[in-house]
Asks: 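This is the structure I have questions about; it appears just below.
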Amino acid sequence: MEKDFVPTQNLVYPLEGTVGWKAPSNIALVKYWGKKPHQIPANPSISFTLDASATRTFLKFRRMDEAKEAFSFDFRFEGKAKDSFKPKIATFLGRIETYLPFLRHYHLEIESSNSFPHSSGIASSASGMAALALCLLELERLANPEMTLEDFKQKASFLARLGSGSACRSIGGSLIQWGSTPGLSGSSDLYGIPYPYEVHPNFNNFHDTILLVHKGQKTVSSSVGHGLMKGHPFADNRFQQAHENLKKLRPIFKEGDLESFIAIVESEALTLHAMMMTSQPYFILMLPNTLEIINRIWQFRKETGTAICFTLDAGANVHVLYPESEKTKCIQFIQNELVAYCENGHYICDRIGKGAQRISTSL
Ligand code: PMV
């Protein structure tokens, strides 16, 4: 329950210091699309935690003599003050204040940078909010060093969710499930959990090459997109389908059945876009090059039997997924046939990762 995340002890918080965390991005296999109040997902989702695409955040904190009316903080992104981002952070701090009641007592200097190029069209909210949540919770852990690692990760995921839903899947690795669903032990709407069942070695070291078809801002923000699922004519069936796909994935993960994995992952990606195409107002977020890439992947798979597939997030970029055992073939295919469809030929070679890491701040 939410109240379990409110600190109960009287803690003595540090006067000042600096903490740092690096949090990865993640790519959903079963998509979260549609939410209830307080960032509660309308359906469960599961994602691969990524490795290379990540946000690094440092938080410098100094206790003030008295608590302030408004949160006292500065935000710098890639070395420059970024005031346009402050309202989003202030909203986040307001949402998590009940769970980190010391926030108004500190002046916070937040310094973030992304490993992926700015405006690459890659959503940075998941990694960004996860890294910030981890830094803020680290401040609580300094006052409460007894906190177990499991409790720390669970609360970090809970807090990150309140910044951006999918951020709750960017704390741990490598396969993270979020959203309560029957038969999945420990699943919760409040935080992500490491997938608790057997996963076949076929999924170890899985690759995700992100093809940057369009590097600009997304035309529809994810909060608008989630909102469009309210009253959507296909919403109930879609939410039900996500539960069913999660159930179907259990034997697939166990047995390493890549063919059935592909069928679910690609269908999920196209369903996400189908929901946008059938909402009011309606959108098409794929571009002609997105479809060219999808068709080429299908053709290559048909001709070679390679277990390569695609997934999409709420934009035109394509995530190309393939197992470690097929990486040489797949990278060659991507370079020969797909990179031509990327904006300025840009793409990011990523793979499944182990989750967020603390960054040392000692000199
Ligand atoms: O975390 P949000 O609110 O930006 O939503 C993310 C939604 C998708 O990326 C499209 C799907 C997902 O599950 O990550």
Side-chain angles (χ1 to χ4, degrees), residues 5 19-29 31-32 35 38-41 45-59 73 75-78 82 85 88-93 95-96 99-100 103 108 110-116 118 120 122-141 147 149-179 188-195 208 210 222-223 313-314 348 350-359 361:
F5 294 100
V19 292
W21 273 88
K22 175 180 169 198
S25 186
N26 69 77
I27 181 67
L29 306 168
K31 308 288 179 183
Y32 150 57
K35 64 179 163 186
H38 306 292
Q39 305 275 97
I40 296 299
S45 57
I46 192 162
S47 53
F48 278 151
T49 306
L50 296 181
D51 182 41
S53 310
T55 301
R56 287 163 69 90
T57 295
F58 290 95
L59 172 72
F73 69 99
F75 179 67
R76 293 170 72 80
F77 183 72
E78 280 164 10
K82 182 129 189 200
F85 214 71
K88 208 171 170 175
I89 296 176
T91 305
F92 176 50
L93 297 177
R95 285 185 193 160
I96 63 174
Y99 312 103
L100 298 177
L103 288 177
L108 308 170
I110 306 162
E111 176 97 49
S112 274
S113 58
N114 288 341
S115 65
F116 40 91
H118 183 50
S120 57
I122 302 275
S124 58
S125 61
S127 55
M129 286 299 178
L132 181 55
L134 284 156
C135 286
L136 295 168
L137 185 60
E138 192 67 61
L139 212 168
E140 179 181 322
R141 184 157 67 169
M147 191 188 287
L149 186 59
E150 202 185 328
D151 286 349
F152 180 81
K153 284 188 173 175
Q154 193 175 86
K155 183 162 176 177
S157 175
F158 171 86
L159 296 173
R161 185 196 99 244
L162 292 166
S164 168
S166 60
C168 78
R169 299 187 313 235
S170 274
I171 305 294
S174 41
L175 191 54
I176 300 289
Q177 194 280 336
W178 168 43
S188 169
D189 285 343
L190 300 181
Y191 46 82
I193 57 165
Y195 182 68
D208 177 3
I210 309 166
S222 61
S223 40
D313 58 20
I348 297 171
D350 212 333
R351 60 165 68 198
I352 199 164
K354 291 194 170 54
Q357 288 169 320
R358 192 156 54 161
I359 310 170
T361 48

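Because only heavy atoms are used, hydrogens play no part in the values below, and waters and symmetry mates are left out as well, while side chains stay in. All figures in this text were calculated on a predicted structure; none of them were measured in a lab.
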Asks: Give me the one residue out of N114, T55, T57, N26 that meets side-chain hydrogen bond (donor to acceptor under 3.5 Å, both in side chains) with S127.
Replies: T55
Asks: Has Q357 got a side-chain atom pairing as donor or acceptor with I359's backbone, closer than 3.5 angstrom?
Replies: no
Asks: What is the distance from atom NE2 of H38 to atom CG of D189, rounded to the nearest 0.5 Å?
Replies: 13.0 Å
Asks: List the atom of A167, the atom of S125, and the distance in Å for their closest heavy-atom pair.
Replies: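 In this case the closest contact between A167 and S125 is CB-O, 4.2 Å.
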Asks: Can you find a heavy atom in the side chain of L175 that is under 4.5 Å from one in the side chain of F48?
Replies: yes
Asks: Rounded to the nearest 0.5 Å, what separation is found between the SG atom of C135 and the CD atom of E111?
Replies: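 If I round to the nearest 0.5 Å, the distance is 11.5 Å.
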Asks: Does any part of the side chain of L159, heavy atoms only, come nearer than 4.5 Å to the side chain of L100, both counted from C-beta?
Replies: yes
Asks: Would a 4.5 Å heavy-atom cut-off, applied to side chains only, mark S113 and E78 as touching?
Replies: yes
Asks: Among I96, I171, I40, find the one that has a side chain to side chain contact (heavy atoms under 4.5 Å, CB included) with R161.
Replies: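 With R161 as partner, I96, I171, I40 yield a single side chain to side chain contact (heavy atoms under 4.5 Å, CB included), made by I40.
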Asks: If you look at every heavy atom in A356 and A23, which pair is closest and at what distance?
Replies: CB-CA, 4.0 Å
Asks: If you look at every heavy atom in S170 and S25, which pair is closest and at what distance?
Replies: OG-C, 3.7 Å
Asks: Is the side chain of S157 donor-acceptor paired with the backbone N or O of G192 at a distance under 3.5 Å, no angle test?
Replies: yes
Asks: Just by distance, do the side chain of R95 and the backbone of L162 share a donor-acceptor pair under 3.5 Å?
Replies: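 The answer is yes, because a donor-acceptor pair under 3.5 Å joins these two groups.
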Asks: Is atom NZ of K22 surrounded by more than 12 heavy atoms (other residues, nucleotides or ligands) closer than 6.0 Å?
Replies: no
Asks: Could you measure the distance from the OG atom of S166 to the CE atom of M129? Nearest 0.5 Å is fine.
Replies: 10.5 Å
Asks: Evaluate the side-chain proximity of W178 to Y32: yes if any heavy-atom separation is below 4.5 Å, no if none is.
Replies: yes
Asks: Rounded at 0.5 Å granularity, tell me how far CZ in F116 sits from CD1 in I348.
Replies: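 If we round to the nearest 0.5 Å, F116:CZ and I348:CD1 are 7.5 Å apart.
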Asks: Is the shortest heavy-atom distance from the side chain of W21 to the side chain of L59 under 4.5 Å?
Replies: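 Not touching, per the 4.5 Å side-chain cut-off.
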Asks: Using a 4.5 Å cut-off on heavy atoms from C-beta on, say whether the side chain of V19 contacts that of R141.
Replies: no
Asks: Looking at every heavy atom in both R169 and A28, which two are closest together, and how far apart are they?
Replies: NH2-CB, 3.6 Å
Asks: Ignoring hydrogens and angles, tell me if any N or O in the side chain of D350 forms a donor-acceptor pair with the backbone of L50 under 3.5 Å.
Replies: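 Flag not set: sc D350 to bb L50 has no pair under 3.5 Å.
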Asks: Is any side-chain heavy atom of L136 less than 4.5 Å from a side-chain heavy atom of F92?
Replies: yes
Asks: What's the shortest heavy-atom distance between I210 and S53, and which atoms?
Replies: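 Distance-wise, the nearest heavy atoms are CD1-OG, 3.8 Å.
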Asks: One pair to check against side-chain contact (heavy atoms from CB on, under 4.5 Å): F5 and Q154. What are the steps and the verdict?
Replies: CA-CA 9 Å; F5 294 100; Q154 193 175 86; 3.8 Å; yes
Asks: Do the side-chain N and O atoms of T49 and S174 include a donor-acceptor pair separated by under 3.5 angstrom?
Replies: no
Asks: Give a yes or no on whether the ring-centroid distance for F158 and Y99 is below 6.0 angstrom.
Replies: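 Ring centroids of F158 and Y99 are less than 6.0 Å from each other.
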Asks: Taking the side chain as everything from C-beta on, heavy atoms only, tell me whether P24 gets closer than 4.5 Å to D51.
Replies: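 No - every pair of side-chain heavy atoms lies 4.5 Å or more apart.
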Asks: Drop me the distance from K153's NZ to C168's SG, to the nearest 0.5 angstrom.
Replies: 14.0 Å
Asks: Would you compute the distance between atom CG of L93 and atom CD1 of I110 and round it to the nearest 0.5 angstrom?
Replies: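 So the CG of L93 and the CD1 of I110 are separated by 6.0 Å.
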Asks: Do you know which two heavy atoms are closest between S115 and A52, and how far apart they sit?
Replies: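 Smallest interatomic distance, heavy atoms only, reads OG-O, 2.6 Å.
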